[in-house]
Amino acid sequence: MFSVGIITVSDRASAGEYEDHGGPALRAACQERKWEVQAEAVVPDDLNQIQRTIRAFSAQGCGLVLTTGGTGIADRDVTPEAIRGIMRVEIPGFGETMRMRSLEITPNAILSRSLAAVVDQSLVIALPGKPSGAVECLGFVEGAIPHSVKLARKEPTSC
């Protein structure tokens, strides 16, 4: 099918101050879907480092790059800005769907800046930092992922 890269964006997890739970939760969700996790990283809330890691995973052949964390409104939350700085095109329906469906679970979902975009030849999806929220949001949009990855990779599609 396609390869996946998972990036946890967290100052504290990247510094070893606490254990990353978001990346492992997404890895398990990908494995349940039979998606091959090819690359994983934990990076600080740093725009340049996020961008470098996304591009490196794309260059390694990851058709799908999932980020978890940095999508809120705190001062250090810069994941959306990092993605927008290197994207070819944003795909608004992903973020809209994740927020709408998440609002059924928590009123705080309105604060989320989750999004999806094409960077180089990868579909990049910025998911919430809370592990359960990241997995839920991935589930809300998973139906559109295979087709979107093919389009990002310029592969033939059936429609």
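Note that these values count all heavy atoms, side chains included, but never hydrogens, waters or copies made by symmetry.
Within the structure, every pair that satisfies the side chain to side chain donor-acceptor pair (under 3.5 Å) test and touches residues 85-98, not counting sequence neighbours, is listed here: Arg84-Glu90. Residue pairs satisfying the side chain to side chain donor-acceptor pair (under 3.5 Å) criterion with at least one member in residues 120-129, sequence neighbours excluded, are listed as follows: Arg55-Asp120, Ser58-Ser122. Applying the salt bridge (charged side-chain N to carboxylate O under 4.0 Å, His left out) rule to pairs touching residues 32-42 yields Arg27-Glu40, Arg33-Glu142, sequence neighbours excluded. Within the structure, side chain to side chain donor-acceptor pair (under 3.5 Å) contacts touching residues 67-77 (residues at least two apart or in different chains) are Asp11-Arg76.
Counting all heavy atoms, side chain and backbone alike, Leu103 lies closest to Ala109 at N-CB, 3.6 Å. Considering all non-hydrogen atoms of both residues, Ser102 and Phe140 come closest at OG-CE1, 3.6 Å.
Side-chain atoms of Val4 and Leu26, non-hydrogen and from C-beta on, never get closer than 4.5 Å to each other. Looking only at side-chain heavy atoms (C-beta outward), Cys137 and Pro128 come within less than 4.5 Å of each other. By the 4.5 Å heavy-atom criterion applied to side chains, Ser14 and Asp46 are not counted as neighbours.
Put simply, NZ on Lys150 and OG1 on Thr157 are 7.5 Å apart, with the number rounded to the nearest 0.5 Å. Considering CG of Leu64 and CD1 of Ile6, their distance stands at 8.5 Å, rounded to 0.5 Å. Taking CD1 of Ile145 as the reference point, atom CD1 of Ile125 lies at 3.5 Å (rounded to 0.5 Å). Summarising the geometry, atom OG1 belonging to Thr106 is positioned 7.0 Å from atom NZ belonging to Lys130; distances are rounded to the nearest 0.5 Å.
By the side chain to side chain donor-acceptor pair (under 3.5 Å) test, Arg99 is found to be paired with no residue, residues two or more places apart in sequence or in another chain being considered. For Gln38, the side chain to side chain donor-acceptor pair (under 3.5 Å) partners at least two apart in sequence or on another chain are Ser3. Shown here are the salt bridge (charged side-chain N to carboxylate O under 4.0 Å, His left out) partners of Arg113, two or more places apart in sequence or in another chain: Glu81. For the salt bridge (charged side-chain N to carboxylate O under 4.0 Å, His left out) test, no residue two or more places apart in sequence or in another chain qualifies with Glu136. For Glu17, the side chain to side chain contact (heavy atoms under 4.5 Å, CB included) criterion is met by Arg12, Ala15, not counting sequence neighbours. Under the side chain to side chain donor-acceptor pair (under 3.5 Å) criterion, Thr8 pairs with Asp20, not counting sequence neighbours. Ala144 meets the side chain to side chain contact (heavy atoms under 4.5 Å, CB included) test with Phe94, Ser148; sequence neighbours excluded.
In the hydrophobic clustering of this structure, Leu66 does not group with Val42; members are Ile, Leu, Val, Met, Phe, Trp, Tyr whose side-chain heavy atoms approach within less than 4.5 Å, directly or through other members. A single hydrophobic cluster is seen to contain both Ile110 and Ile73, as judged by linkage of ILVMFWY side chains at heavy-atom distances under 4.5 Å, directly or through other members.
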Check: Given Met98 and Leu127, is the side chain to side chain contact (heavy atoms under 4.5 Å, CB included) satisfied, shown in steps?
Finding: CA-CA 9 Å; Met98 290 186 280; Leu127 298 164; 3.6 Å; yes

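Alongside Val119, the hydrophobic cluster contains Ile7, Val9, Val43, Leu47, Ile50, Ile54, Phe57, Val65, Val78, Ile83, Ile86, Met87, Leu115, Val124 (criterion: ILVMFWY side chains under 4.5 Å).
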